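Report on the following structure.
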Amino acid sequence: MPTQAGLLSELIPHQWLPDETLFSLCSRHHRLAGSQFASDTCKALFGHPTQGSAHDLPSRVAHFAMRFGQILGTADEIILQRTLLPYYLPFRSAAFSSAAMHAMGGPGIRSLKYQLGLLTSRFRANHPLKACPQCMDVDSHQWQISYWHRVHQLPGVWVCPSHGTPLLRSTMKATGVGRFHWHLPSLQCLEPEEPSAEAIPTLVQLGGSASGLSDLPPLTHFAPLLVATTYRSALHERGLLKGKGAGRLSQSSIGPQYADYLRPLREISEMAALPASAEDAAREVARLSNPLRTNTHPIRHLALIGWLFGDLPGFMARYEMVRHVPEDYTSNKPESTQNERQQSNEERKAALISLIAHEGLTASAAARHVAIDTTTAMIWAAGAGIATKKRPSKLHPQIRDEMVRALRKGVDKTEVAKVGEVTIESVTRLLGTE
């Protein structure tokens, strides 16, 4: 008697199409099965009405793999070969990669997008689905269906590596329309980005590096200090460091040159957050030359790599040289500063406020996303003029109002605590959240 996995495998496509994403294969299944509702397909494949439907970083992948007896691969194989996660891992630690894999295999990715730096990067947190019209024609003739190619979905890829054609952007998913729906590429749901002819060579260069990054072996992890030192070695070679040894960055020279390199990339809406002015470009190089910038979006690394080394192999060759043969400029390591730590907090605060104000999350839910406690989240929200729902309080409303009036008059917290018969910590929390 056939197993449940065997019965299900008769409905799902029996094999991956070349470079196909998990979302694409599930969308093909949805069409073949003739399911009326997207939630029915999601429950059948992932055991949940919505979890698993993300086109970029889906969850419950382990459930999907086991559902079909791993005939389509193990959970780790599917995550590494059919989703966007590998693109984000080389600049992160092995421990982080393991935790991210576990999150995608499990019931929900939780704060993964924040930890990847997506919520604070000013790049899109929800990746736009993209397709090449020529690939769609080829796929329709060869496979009788068009589908989503993983390489096209990588951040920074806007020119098809097979045809040199600018990619079209889907109006679904990334905009919130059909957030949990399954669908395949069709010209009716695609619109152009229309980069200029001048931008194409730089976009091709960036796309090649993005593709190479996602295809690196799973255990490839660049050490932050060596990455920073590798960047500085190239700057040193170009005469863009002042003084002997490590020296200081010559920002007056770096800024204009790097801003000019980035200008064509900024034509694409996804990359509009790259520095526009010489001053911002110089600050970007300074930040990336600091080994503490571990949650930086890969696009920022790849753009700098394109400017300094031409492509990812050029960067990796220099990285290996620096790793094995340290030079003079490695003796003076970039140092952390209070400003860097403060900026990290500001980025976290901005992400929290965005989640509450624009995504409609509660203070506690937003706090979990950015890895802070709820009280801090409520204080930050109050500081931004955002009212949050208060936790149930044991205080009688009249007593609470009296405590608030006393605080507004500048009465000492110790005295206010006596009024409400609460701890000073409770008064501090009231002061911060009111």
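Sequential numbering from 1 along the given sequence is applied to the chain's residues. What you see is a predicted model; the values in this text were computed from it and never measured.
Within 6.0 Å of CZ in Arg266 there are more than 12 heavy atoms belonging to other residues, nucleotides or ligands.
Thr21 and Gln153 share no donor-acceptor pair across their side chains, judged by distance under 3.5 Å alone. Ser146 and Ser140 form no side-chain donor-acceptor contact under 3.5 Å, judged by distance and modelled atom types alone. Using modelled atom types and a 3.5 Å distance limit, the side chains of Ser196 and Glu267 yield a donor-acceptor pair. The closest side-chain donor-acceptor pair between Trp158 and Glu270 falls under 3.5 angstrom.
A salt bridge does not link Glu194 with Arg169: none of the charged nitrogens is closer than 4.0 Å to a carboxylate oxygen. The residues Arg263 and Glu198 are annotated as salt-bridged, a charged nitrogen and a carboxylate oxygen being separated by less than 4.0 angstrom.
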Step-by-step salt bridge (Lys or Arg N to Asp or Glu O under 4.0 Å) determination, Arg150 to Asp56
CA-CA 9 Å; Arg150 188 181 76 138; Asp56 47 7; over 6 Å; no
What do the steps show when you test Tyr231 against His301 for side chain to side chain donor-acceptor pair (under 3.5 Å), and what is the final call?
CA-CA 10 Å; Tyr231 292 155; His301 282 292; 2.7 Å; yes
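In summary, of the residues considered (Gln15, Arg82, Glu20, His30), a side-chain contact (heavy atoms from CB on, under 4.5 Å) with Leu25 occurs for Glu20 alone.
The shortest non-hydrogen separation linking Pro49 to Cys42 is O-CB, 3.4 Å.
A donor-acceptor contact shorter than 3.5 Å is absent between the side chain of Glu193 and the backbone of Leu167. A donor-acceptor contact shorter than 3.5 Å links the side chain of His55 to the backbone of His127. For Ser98 (side chain) and Ala95 (main-chain N/O), no donor-acceptor pair under 3.5 Å exists by modelled atom type. Under a 3.5 Å cut-off, the side chain of His163 and the backbone N or O of Thr165 do not form any donor-acceptor pair. Looking only at distances, a side-chain donor or acceptor of Thr220 sits under 3.5 Å from a matching main-chain atom of Pro217. When atom types are taken as modelled, the side chain of Glu77 and the backbone of Thr74 share a donor-acceptor pair closer than 3.5 angstrom. A donor-acceptor pair under 3.5 Å links the side-chain atoms of Arg92 to the main chain of Gln115, judged by distance alone. A side-chain donor-acceptor contact under 3.5 Å links Arg67 to the backbone of Ala44. A donor-acceptor pair under 3.5 Å is formed between the side chain of Lys130 and the backbone N or O of Leu154.
Under the 6.0 Å cut-off for aromatic ring centres, Phe46 and His63 do not qualify, their centroids lying 6.0 Å or more apart. Checked against a 6.0 Å centroid threshold, the rings of Tyr88 and His297 count as neighbours.
A heavy-atom distance below 4.5 Å is found between the side chains of Val285 and Leu249.
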